[in-house]
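Only a predicted model underlies this, so the values are computations on that prediction, with no experimental measurement involved. The chain is numbered in sequence order, starting from 1. Both backbone and side-chain heavy atoms feed into the values below; hydrogens, waters and symmetry mates do not.
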Amino acid sequence: MKIIDAKVIVTCPGRNFVTIKITTDQGLYGIGDATLNGRELAVASYLQDHLIPCLIGRDASRIEDIWQFFYRGAYWRRGPVGMTAIAAIDVALWDIKAKAANMPLYQLLGGRSRDGVMVYGHANGRDIAETVAEVGRYIDMGYKAIRAQTGVPGLASTYGVSGDKMYYEPADGNLPTENLWSTSKYLNSVPKLFETLRDTYGFDHHLLHDTHHRLTPIEAAQLGKSLEPYKLFWLEDAVPAELQEGFRLFRQHTTTPIAVGEVFSSIHDCQQLISEQLIDYIRTTIVHGGGITHLRRIAHLAELYHVRTGFHGATDLSPVTMGAALHFDTWVPNFGIQEYMRHTPETDEVFPHDYHFDNGYLKIGETPGHGVDIDEAKAAKYPYQRAYLPVNRLEDGTMFNW
Ligand code: GCO
Ligand code: MG
């Protein structure tokens with residue numbers, strides 16, 4: 001089964017998405033997501049200018065060999081741009097393989113381990129009262145797990161809080177917008193949010209929180225400890241993880257479960273975090289972590305160390321990634337939870353898909369492949385629009401992590 005065509009489709013139905021479509025001489029095609037928020041065209045060029053010329057004429061069924069060819073063959077390994085491009089090709093090839101077998105993708109991975117994939121929604125508000133009301137809205141929609149984010153008193157704006165509550169989108173500027181950050185103001189506000197949430201709704205729902213890589217290990221330890229009475233499902237990205245051993249200090253001080261990894265691009269970014277049991281959930285997902293072929297290795301390593309999956313699922317991960325992730329989640333033995341931020345109706349129209357939300361779970365269909373397509377005519381109606389994620393400064397003007 002020879003690859004005869006591969007093309008990159010860039011579309012912006014409200015936000016930018018990069019998609020690869022690979023076609024074979026048997027008339028089958030597969031699609032993969034290549035979206036890297038705020039750096040989309042770098043991946044499009046990496047695919048168009050460097051990978052696609054080597055892809056044409058190859059046997060589409062040799063997924064592992066093609067993965068190794070692009071990973072080892074670049075000499076320059078890893079990194080988000082390269083690994084996202086490899087992931088896009090990998091997912092498109094798995095889509096083709098499953099279509100050729102006339103099976104939904106989860107069957108090729110090993111079959112169903114569960115009936116539905118538990119997801120968490122992203123409730124956010126400008127202050128505690130608004131966030132508490134938003135969490136109530138998610139509970140009413142049937143969610144079993146909700147991540148709660150709130151504005152910080154004294155800071156004009158912050159990550160995780162947006163005007164459009166249901167379709168959260170942080171990439172909001174033709175040039176990066178600048179936010180201000182104060183760790184002490186933040187640390188004072190978060191425990192109050194979770195105390196109010198537990199007082200209001202009790203302990204029947206899983207609650208999660210994202211710190212977006214803004215604390216030192218000892219600050220994260222403080223936060224984790226202060227949240228212990230509210231029994232979080234996890235505390236996400238509390239500490240930037242370039243220094244994996246930095247998590248030891250954080251880990252030793254708190255029993256709040258720890259999740260990290262949405263910005264990782266390979267197993268080498270989390271090898272120590274997993275093997276030293278410094279985390280409970282690994283968030284690296286298919287599009288930024290080298291595709292299904294590589295995520296499978298991460299999940300297997302994690303399984304040895306009691307670490308479960310909790311894939312990233314923000315709006316900048318296209319429905320193609322969501323579809324592929326849901327097949328993976330339906331199979332993977334050490335599944336934990338899946339993030340689910342809803343896409344806008346425009347995005348859903350460009351990417352018709354057969355997964356659906358059902359009372360707190362996402363459920364996949366039985367369509368052969370990963371069950372997500374791209375409507376090219378509709379995609380062409382929405383040309384690329386440059387959009388950056390914000391940047392962040394401390395109150396004295398120092399550049400900080402966004
Ligand atoms: C999340 C994330 C996102 C990121 C976004 C960046 O957990 O959902 O932190 O909202 O900020 O994916 O592109
Ligand atoms: Mg996050």
Side-chain angles (χ1 to χ4, degrees), residues 36 71 76-84 86-87 147 159-160 181-184 186-187 190-191 208-228 231-290 294-312 314 332 334-337 339 389 391-392 394 398-402:
L36 187 62
Y71 182 77
W76 314 106
R77 296 182 188 184
R78 304 161 60 195
V81 174
M83 292 301 271
T84 300
I86 294 175
R147 185 173 68 190
Y159 74 98
W181 179 250
S182 157
T183 296
S184 55
Y186 166 77
L187 287 178
V190 184
L208 301 81
H209 182 69
D210 185 1
T211 304
H212 228 247
H213 306 111
R214 290 173 183 209
L215 303 180
T216 63
I218 201 67
E219 289 163 350
Q222 241 181 69
L223 178 61
K225 262 187 126 144
S226 65
L227 293 175
E228 280 170 17
K231 302 241 179 319
L232 263 59
F233 186 93
W234 81 32
L235 180 59
E236 169 179 331
D237 290 347
V239 180
E242 284 98 334
L243 183 70
Q244 296 183 46
E245 68 193 48
F247 276 62
R248 286 184 197 143
L249 183 64
F250 170 25
R251 180 64 153 182
Q252 281 156 9
H253 281 92
T254 181
T255 57
T256 294
I258 299 173
V260 76
E262 65 183 45
V263 300
F264 296 173
S265 49
S266 99
I267 197 166
H268 304 289
D269 296 324
C270 51
Q271 185 270 337
Q272 189 181 8
L273 289 168
I274 291 173
S275 62
E276 285 192 32
Q277 300 178 62
L278 302 178
I279 59 173
D280 301 281
Y281 297 93
I282 181 72
R283 291 191 32 74
T284 311
T285 193
I286 286 166
V287 58
H288 301 135
H294 196 65
L295 246 298
R296 215 158 48 159
R297 297 198 223 298
I298 295 180
H300 286 322
L301 175 71
E303 189 189 8
L304 298 182
Y305 296 99
H306 307 288
V307 175
R308 288 181 281 171
T309 63
F311 288 173
H312 189 201
V332 72
N334 48 325
F335 171 74
I337 200 166
E339 177 178 0
L389 288 169
V391 295
N392 216 9
L394 300 179
T398 309
M399 274 301 295
F400 194 59
N401 315 327
W402 176 74

Taking atom CE of Met399 and atom CG of Leu394, what is their separation to the nearest 0.5 Å?
9.5 Å
ring-ring contact (aromatic ring centres under 6.0 Å, His included) partners of His213, counting only residues at least two apart:
none
Is it the case that the side chain of Asp269 and the backbone of Gly261 share a donor-acceptor pair, with hydrogens and angles ignored and the cut-off at 3.5 Å?
no
Can you check whether Trp181 reaches Thr183 side chain to side chain, under 4.5 Å on heavy atoms?
yes
Heavy-atom check, side chain of Leu187 versus side chain of Leu223, under 4.5 Å
yes
Heavy-atom pair with the smallest gap, counting every atom of Thr211 and Ala238
CB-CA, 3.7 Å
To the nearest 0.5 Å, atom CD of Glu245 lies from atom CD of Glu242 at 12.5 Å
CG of Leu273 to CG of Leu243, rounded to nearest 0.5 Å, is 9.5 Å
Identified side chain to side chain donor-acceptor pair (under 3.5 Å) counterpart of Glu276 within the set Arg248, Gln244, Gln271:
Arg248
Would you say that Met83 contacts His294 through its side chain, given a criterion of any heavy-atom pair below 4.5 Å between the two side chains?
yes
Indicate yes or no: at least one non-hydrogen side-chain atom of Ile267 is less than 4.5 angstrom from one of Ile298.
yes
Check salt bridge (charged side-chain N to carboxylate O under 4.0 Å, His left out) between Arg214 and all other residues, then give those that pass, not counting sequence neighbours.
none
Shortest non-hydrogen pair, Ile282 vs Cys270, comes out as CD1-CB, 3.7 Å
Tell me, do Phe250 and Leu215 make a side-chain contact under 4.5 Å, heavy atoms counted?
no
Is any side-chain heavy atom of Ile86 closer than 4.5 Å to one of Tyr71?
yes
Rounded to the nearest 0.5 Å, what separates atom CZ in Phe247 from atom CD1 in Ile279?
7.5 Å
Geometric class of the Tyr159/Tyr186 ring pair [parallel <30°, tilted 30-60°, perpendicular >60°]:
tilted
Would you compute the distance between atom CZ of Arg147 and atom CG of Leu235 and round it to the nearest 0.5 angstrom?
11.5 Å
Between Thr309 and Phe311 (side chain of the first, backbone of the second, donor and acceptor by atom type, cut-off under 3.5 Å), is there such a pair?
no
Can you give me the closest heavy-atom contact between Glu228 and His253, atom names plus distance?
OE2-O, 4.1 Å
Test Arg308 against Trp234 for side-chain contact (heavy atoms from CB on, under 4.5 Å), laying out the working first.
CA-CA 12 Å; Arg308 288 181 281 171; Trp234 81 32; over 6 Å; no
Considering all heavy atoms of both residues, which atom of Ala299 and which atom of Val332 are nearest to each other, and what is their separation?
CB-CG2, 3.8 Å
Worked verdict on Tyr281 versus Leu208 for side-chain contact (heavy atoms from CB on, under 4.5 Å):
CA-CA 12 Å; Tyr281 297 93; Leu208 301 81; over 6 Å; no
Within the side chain of Ser265, is there an N or O that forms a donor-acceptor pair under 3.5 Å with the backbone of Arg78?
no
Heavy-atom pair with the smallest gap, counting every atom of Leu249 and Pro217
CD2-CB, 3.9 Å
For Thr256 and Leu227, which heavy atoms make the closest approach, and how far apart are they?
OG1-C, 4.2 Å
Find the distance between CG (Leu295) and NE2 (His288) and round it off to the nearest 0.5 Å.
11.5 Å
Is the closest side-chain heavy-atom distance between Val287 and Thr285 below 4.5 Å?
yes
